[in-house]
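The next block holds one structure in the form of structure tokens; read it before the comments.
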Number of protein chains: 2
Amino acid sequence: MKLTEAKQQFISSWGAFGTHWGINRTMAQIHALLLVSVDPITQDDIMEQLTISRGNVNMNIRDLIGWGLVERVIITGERKEYFTAEKDIWKVATKIIKERKKRELDPMIKLLAQLENVEGDKKDKDIKQFTEVIGGIKKLGSQADKLLDVMVKAEENWFTGSVLKIFK
Amino acid sequence: MKLTEAKQQFISSWGAFGTHWGINRTMAQIHALLLVSVDPITQDDIMEQLTISRGNVNMNIRDLIGWGLVERVIITGERKEYFTAEKDIWKVATKIIKERKKRELDPMIKLLAQLENVEGDKKDKDIKQFTEVIGGIKKLGSQADKLLDVMVKAEENWFTGSVLKIFK
DNA sequence: CTGAATTTTCAAAATAAATTGAAAGCTAAT
DNA sequence: ATTAGCTTTCAATTTATTTTGAAAATTCAG
């Protein structure tokens with residue numbers, strides 16, 4: 001496979017994968033394009049390469065910047081803004097984990113904690129089952145939360161090493 | 001908060017969370033309803049409680065069964081089918097992990113492996129950067145894959161224990 | 001300050017995804 | 001073999017999400 005074809009394939013597949021994870025297809029594609037672009041590129045470059053509108057590029061780029069995955073680059077002498085993506089995949093992963101944890105996992109745990117305090121007789125069959133299920137999810141969520149915290153703070157080789165160690 | 005209100009809250013929030021993870025809102029709500037229902041319930045019960053159509057319930061229930069999260073229950077003497085959800089959250093989590101790994105992570109790693117074999121001079125700047133990025137994602141994906149494999153095979157207390165151990 | 005270049009916004013349009021409901025398909029009892 | 005009771009399917013509709021593109025806002029050079 002040729003490089004151009006491979007890049008194209010990567011961009012389109014990355015977009016498809018994104019949709020399975022609650023990520024907008026175009027955002028994932030823009031991210032993919034920036035990942036495989038050696039030098040910073042402009043909004044016009046992105047519009048052209050992915051054949052999407054200016055507004056679309058602009059909104060998604062800002063989202064990606066919000067996720068800390070892309071940043072603006074000022075090129076002296078140039079009027080236009082250039083963009084570049086973080087290429088270190090471990091950093092990309094930790095940023096995504098950190099952000100999703102904050103946006104989704106943390107609020108969920110908070111909600112579950114509230115639901116656990118349902119009023120009524122704790123010995124009642126229905127209440128018992130409800131608090132057990134909610135408590136179980138909360139516990140699992142908190143555990144995952146802690147694990148992800150450790151991962152985010154750790155170095156990539158910690159991840160690699162620990163996993164391999166588990167296998168002996 | 002009263003039990004009925006808490007259940008309602010859980011169902012609607014669980015549905016909302018689902019959408020952030022690429023899961024259809026209604027499927028998540030049906031799952032939530034089954035999680036907090038002590039006894040098995042019928043399609044009609046679900047239709048009524050969530051005010052959704054028969055077809056919708058049927059399709060999503062079948063999907064949930066496909067994920068191994070819900071199962072049919074035959075109640076002797078009853079003509080209707082009843083449904084019940086796995087209540088052990090650890091089992092729920094491992095089933096979801098196993099299934100998403102198979103459906104999404106594994107194919108992604110396979111694709112990346114193909115893209116790594118892009119033809120051309122490995123010293124070429126563009127090719128080098130491309131294979132580095134793809135290789136990095138593949139490595140991270142494989143590592144995650146292995147970690148998830150271990151988790152799925154392990155017991156819940158392994159997860160809890162290991163995490164706590166990391167904290168010393 | 002002026003205006004050309006560029007970025008941002010957002011209502012409207014297009015597209016994609018979820019939902020309905022009625023018809024068709026089963027199944028089990030008689 | 002018939003049929004009532006229940007389940008499944010899927011084309012049509014509704015709803016939700018994404019995308020567009022032109023206008024407004026911003027930026028910066030002269």
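Please read all numbers here as calculations on a predicted model, not as lab measurements. Lettering follows sequence order; numbering is per chain, from 1.
With sequence neighbours excluded, no residue forms a salt bridge (Lys or Arg N to Asp or Glu O under 4.0 Å) with Arg25(B). For the salt bridge (Lys or Arg N to Asp or Glu O under 4.0 Å) test, no residue two or more places apart in sequence or in another chain qualifies with Asp88(B). Under the salt bridge (Lys or Arg N to Asp or Glu O under 4.0 Å) criterion, Glu99(A) pairs with Lys102(A), Arg103(A), sequence neighbours left out. Partners of Glu132(A) according to the salt bridge (Lys or Arg N to Asp or Glu O under 4.0 Å) rule, which considers only residues two or more places apart in sequence or in another chain, do not exist here. The side chain to side chain donor-acceptor pair (under 3.5 Å) search around Asp39(B) returns none, not counting sequence neighbours. Thr26(B) meets the side chain to side chain contact (heavy atoms under 4.5 Å, CB included) test with Asn24(B), Ile30(B), Ile52(B), Asn56(B), Asn60(B); sequence neighbours excluded.
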| Trace of the side chain to side chain donor-acceptor pair (under 3.5 Å) decision for Thr42(A) with Asp45(A) | CA-CA 5 Å; Thr42(A) 65; Asp45(A) 294 331; 3.1 Å; yes
Only pairs under 3.5 Å count here: list side-chain donor-acceptor contacts from residues 114-124 of chain A, not counting sequence neighbours, and write none if there are none.
residue	atom	partner	partner atom	Å
Glu116(A)	OE1	Lys138(A)	NZ	2.8
Glu119(A)	OE1	Met1(B)	N	3.1
Asp121(A)	OD1	Lys123(A)	N	2.9
Lys122(A)	NZ	Val118(A)	O	3.1
Asp124(A)	OD2	Asp126(A)	N	3.2
Asp124(A)	OD2	Ile127(A)	N	3.1

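Of all nucleotides in DNA chain C, those with any atom nearer than 4.0 Å to a heavy atom of chain A start and finish, going 5' to 3', at dA4(C) to dC10(C). Nucleotides of DNA chain D that come within less than 4.0 Å of any heavy atom of chain B span, from the 5' end to the 3' end, dA4(D) to dC10(D).
For Arg100(B) (side chain) and His20(A) (main-chain N/O), a donor-acceptor pair under 3.5 Å exists by modelled atom type.
Heavy-atom contacts from other residues, nucleotides or ligands closer than 6.0 Å to NZ of Lys139(B) number 12 or fewer. The neighbour count for Lys87(A) NZ, taken as heavy atoms of other residues, nucleotides or ligands under 6.0 Å away, is above 12.
A heavy-atom distance below 4.0 Å to DNA chain D is reached by these residues of residues 15-27 of chain A, ordered by number: Asn24(A), Thr26(A). A heavy atom closer than 4.0 Å to some atom of DNA chain D occurs in Arg79(A), these being the qualifying members of residues 59-82 of chain A.
Within the structure, salt bridge (charged side-chain N to carboxylate O under 4.0 Å, His left out) pairs that include any residue of residues 52-62 of chain B comprise Asp44(B)-Arg54(B) (at least two apart or interchain).
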